[in-house]
Enquirer: 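What follows is a structure written as structure tokens; I'll ask about it next.
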Amino acid sequence: MDLSNRTVLIVGGTSGIGRELARRFAAAGSTVAVGGRSPEALSELAEEGFGTISIDVTDSASVACARDAALARYAELDTVVTMSGVMLLEDLRDPAHFEAAARTIDTNLLGTVRVIDAFTPHLIRRGSGTLITVTSGIAFLPFPPMPSYAASKAAVHAYSEALRAQLDGTGVGVVELVPPAVATAGQEKVNPHALPLDDFATEVMHLLAQDPTPQEILVKGVLAHRWAERDGTYGDLVAQRSQALAMLPSRQG
């Protein structure tokens with residue numbers, strides 16, 4: 001992927017990984033717009049020189065309006081990154097968790113589908129372009145306190161695989177970004193092993209620039225997650241990660 005002349009929309013890029021990737025794409029020479037819900041964050045990004053678009057991926061009408069606004073402003077749009085997501089704790093012993101599960105799946109999975117559906121016709125008409133989905137190491141090695149997050153990201157992985165197969169021959173590529181825990185959005189406070197954001201972004205941009213671009217962007221810090229089943233470490237690692245169930249309020253005290 002030539003990072004120096006892309007026209008990129010990063011949906012869900014108002015903070016953390018998305019915001020840093022927006023800066024990296026821009027620094028490489030690409031035109032970058034960022035979509036999100038927070039007016040304050042969008043205003044800050046506009047002050048940095050980014051294009052900004054209001055979008056709520058859980059609302060089909062909002063996604064359609066955002067698409068129309070993006071294509072009116074950026075007719076040469078060729079790269080769409082869809083990374084809106086929520087991470088919520090769930091106690092599966094308490095049926096009240098269902099609300100968190102529904103919100104997680106609506107945002108992480110269905111939100112991804114809505115964004116892809118909105119922009120795929122444009123990219124197919126262009127005859128070239130890239131859709132970048134964002135999953136997680138947790139898609140391949142579940143984190144038991146966040147079951148629906150893991151399920152939603154595993155689903156986005158499977159969806160990305162099917163999308164790539166269906167778009168074969170159209171000129172539109174599908175790339176899956178698989179982050180490990182990254183030191184942003186509070187992760188650094190609960191996970192001392194979280195990868196520094198700067199290091200993560202540098203490795204991601206290096207991988208994206210490879211020719212050919214890998215179908216999965218796997219930084220070194222996520223390889224143990226991605227290949228746990230293959231390497232025979234899956235059971236032990238899930239057992240280790242299950243110790244974090246102690247963080248659920250019902251299991252404290």
Enquirer: Restricting to non-hydrogen atoms, name the atom on S30 and the atom on N5 that form the minimum distance, rounded to 0.1 Å.
Expert: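 Looking at all heavy atoms of both residues, the shortest contact is OG-N, 3.9 Å.
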Enquirer: Are F200 and T184 side-chain neighbours, meaning at least one heavy-atom pair lies under 4.5 Å?
Expert: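 Sidechains of T184 and F200: no contact.
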Enquirer: With sequence neighbours left out, which residue pairs that include part of residues 156-179 fulfil the ring-ring contact (aromatic ring centres under 6.0 Å, His included) condition?
Expert: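 Residue pairs with at least one partner in residues 156-179: F140-H157.
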Enquirer: Within a strict 4.5 Å, meaning less than it, do heavy atoms of the V172 and T130 side chains meet?
Expert: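 No; the side chains remain at least 4.5 Å from each other.
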Enquirer: Quick one: are P142 and R241 in side-chain contact, heavy atoms under 4.5 Å?
Expert: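 The answer is no, as the side chains (C-beta and beyond) never meet within the 4.5 Å cut-off.
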Enquirer: Would you please name every residue forming a salt bridge (charged side-chain N to carboxylate O under 4.0 Å, His left out) with E161, sequence neighbours left out?
Expert: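 Salt bridge (charged side-chain N to carboxylate O under 4.0 Å, His left out) check on E161 returns R164.
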Enquirer: Check the pair E203, L208 against side-chain contact (heavy atoms from CB on, under 4.5 Å), reporting the backbone distance first and the verdict last.
Expert: CA-CA 9 Å; E203 195 172 351; L208 284 172; over 6 Å; no
Enquirer: When V115 is tested against each of T120, V57, L110 for side-chain contact (heavy atoms from CB on, under 4.5 Å), which residue passes?
Expert: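 Of all the options given, the one that passes is V57.
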Enquirer: Distance only, no hydrogens: is a donor on one side chain within 3.5 Å (strictly under) of an acceptor on the other, for S4 and D2?
Expert: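 Side-chain D/A pair, S4 to D2: present.
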Enquirer: Within the structure provided, determine whether I17 and P179 are in side-chain contact (heavy-atom separation under 4.5 Å).
Expert: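 Result yes, sub-4.5 Å side-chain heavy-atom pair found.
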Enquirer: If only atom types and distance count, is the side chain of T112 paired as donor or acceptor with the main-chain N or O of N108 below 3.5 Å?
Expert: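 Present.
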Enquirer: Could you tell me which non-hydrogen atom of V219 sits nearest to which non-hydrogen atom of V204, and how far apart they are?
Expert: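 What the structure gives for the nearest pair is CG1-CG2, 3.9 Å.
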Enquirer: Please enumerate all residues that pass salt bridge (charged side-chain N to carboxylate O under 4.0 Å, His left out) together with E216, with sequence neighbours excluded.
Expert: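 With neighbours one apart ignored, the set is R226.
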Enquirer: Shared ILVMFWY cluster between V174 and L3, side chains joined below 4.5 angstrom?
Expert: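 Unlinked, V174 and L3 end up in two clusters.
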Enquirer: Go through the steps to decide whether S136 and F143 satisfy the test side-chain contact (heavy atoms from CB on, under 4.5 Å), and finish with yes or no.
Expert: CA-CA 11 Å; S136 168; F143 185 58; over 6 Å; no
Enquirer: Just how far is it from atom CZ of R23 to atom CG of D198, taken to the nearest 0.5 Å?
Expert: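 One gets 11.0 Å once the value is rounded to the nearest 0.5 Å.
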Enquirer: Calculate, to the nearest 0.5 Å, the distance between atoms CG and CG belonging to L223 and D231 respectively.
Expert: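 Rounded to the nearest 0.5 Å, the CG-CG separation comes to 9.5 Å.
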Enquirer: When you compare the side chain of E20 with that of M205, does any pair of heavy atoms fall below 4.5 Å?
Expert: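 No - every pair of side-chain heavy atoms lies 4.5 Å or more apart.
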Enquirer: Work out which heavy atom in L45 is nearest to a heavy atom in G13; give both atom names and the distance.
Expert: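 Minimum heavy-atom separation between L45 and G13: CD1-O, 4.2 Å.
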Enquirer: Would you confirm whether T170, through its side chain, and L167, through its main-chain N or O, come within 3.5 Å as a donor-acceptor pair?
Expert: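 Yes, the answer is positive, given that a donor and an acceptor are paired below the 3.5 Å cut-off.
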Enquirer: Please tell me whether V11 and F50 are part of a single hydrophobic cluster in this structure, the criterion being side-chain heavy atoms less than 4.5 Å apart.
Expert: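 Different hydrophobic clusters.
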Enquirer: Would you say P214 and I217 make side-chain contact, with heavy atoms under 4.5 Å?
Expert: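 Side-chain contact under 4.5 Å: yes.
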Enquirer: Show every donor-acceptor pair shorter than 3.5 Å between a side-chain atom in residues 76-92 and any protein atom, with sequence neighbours excluded, or say none if there are none.
Expert:
| residue | atom | partner | partner atom | Å |
| --- | --- | --- | --- | --- |
| D78 | OD1 | T7 | N | 3.0 |
| T79 | OG1 | R6 | NH1 | 2.9 |
| E90 | OE1 | H97 | ND1 | 2.8 |
| E90 | OE1 | S148 | OG | 3.1 |
| E90 | OE2 | S148 | N | 3.1 |
| E90 | OE2 | S148 | OG | 2.9 |
| D91 | OD1 | R93 | N | 3.0 |
| D91 | OD2 | S250 | OG | 2.4 |

Enquirer: With a 4.5 Å cut-off on side-chain heavy-atom distances among I, L, V, M, F, W and Y, is there a chain of contacts connecting I116 to V34?
Expert: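 They do not share one cluster, since no chain of ILVMFWY contacts under 4.5 Å joins I116 to V34.
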Enquirer: Step by step, work out the side-chain contact (heavy atoms from CB on, under 4.5 Å) result for L131 and L123.
Expert: CA-CA 9 Å; L131 290 161; L123 295 176; 3.7 Å; yes
Enquirer: Applying side chain to side chain contact (heavy atoms under 4.5 Å, CB included), can you list everything that pairs with I105, at least two apart in sequence or on another chain?
Expert: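 Here the qualifying residues are L109.
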Enquirer: Just wondering, more than 12 heavy atoms not from R37 lying within 6.0 Å of its CZ?
Expert: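 Check fails, neighbour count at 12 or below.
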Enquirer: Are a donor atom and an acceptor atom from the side chains of R24 and T202 found within less than 3.5 Å of each other?
Expert: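 The answer is yes; a qualifying pair exists.
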Enquirer: For residues M1 and V32: do they belong to one hydrophobic cluster (side chain heavy atoms under 4.5 Å, members Ile, Leu, Val, Met, Phe, Trp, Tyr)?
Expert: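 Yes, it is one cluster - the side chains of M1 and V32 are joined through contacts under 4.5 Å.
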Enquirer: Check the pair T133, S160 against side-chain hydrogen bond (donor to acceptor under 3.5 Å, both in side chains), reporting the backbone distance first and the verdict last.
Expert: CA-CA 7 Å; T133 59; S160 301; 2.7 Å; yes
Enquirer: Any chance CD of E48 has more than 12 other-residue heavy atoms, nucleotides or ligands included, within less than 6.0 Å?
Expert: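 For E48, atom CD is crowded (more than 12 foreign heavy atoms under 6.0 Å).
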Enquirer: Are M146 and V238 linked, directly or through other ILVMFWY residues, by side chains that come within less than 4.5 angstrom of each other?
Expert: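 No, M146 and V238 fall in different hydrophobic clusters.
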Enquirer: Please evaluate residues W227 and T233 with respect to the criterion side-chain contact (heavy atoms from CB on, under 4.5 Å), reporting the C-alpha separation (whole Å), side-chain torsions for both, the decisive distance (0.1 Å), and the verdict.
Expert: CA-CA 8 Å; W227 304 119; T233 57; over 6 Å; no
Enquirer: Is any side-chain heavy atom of E176 closer than 4.5 Å to a side-chain heavy atom of V178?
Expert: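 With C-beta onward as the side chain, the pair touches.
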Enquirer: Mind checking whether L21 and L177 have side chains closer than 4.5 Å, heavy atoms only?
Expert: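 L21 vs L177: side chains touch.
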Enquirer: Please tabulate, one pair per line, all N/O donor-acceptor pairs under 3.5 Å involving side-chain atoms of residues 62-74, not counting sequence neighbours.
Expert:
| residue | atom | partner | partner atom | Å |
| --- | --- | --- | --- | --- |
| S62 | OG | D56 | N | 2.8 |
| R73 | NH1 | T52 | O | 3.0 |

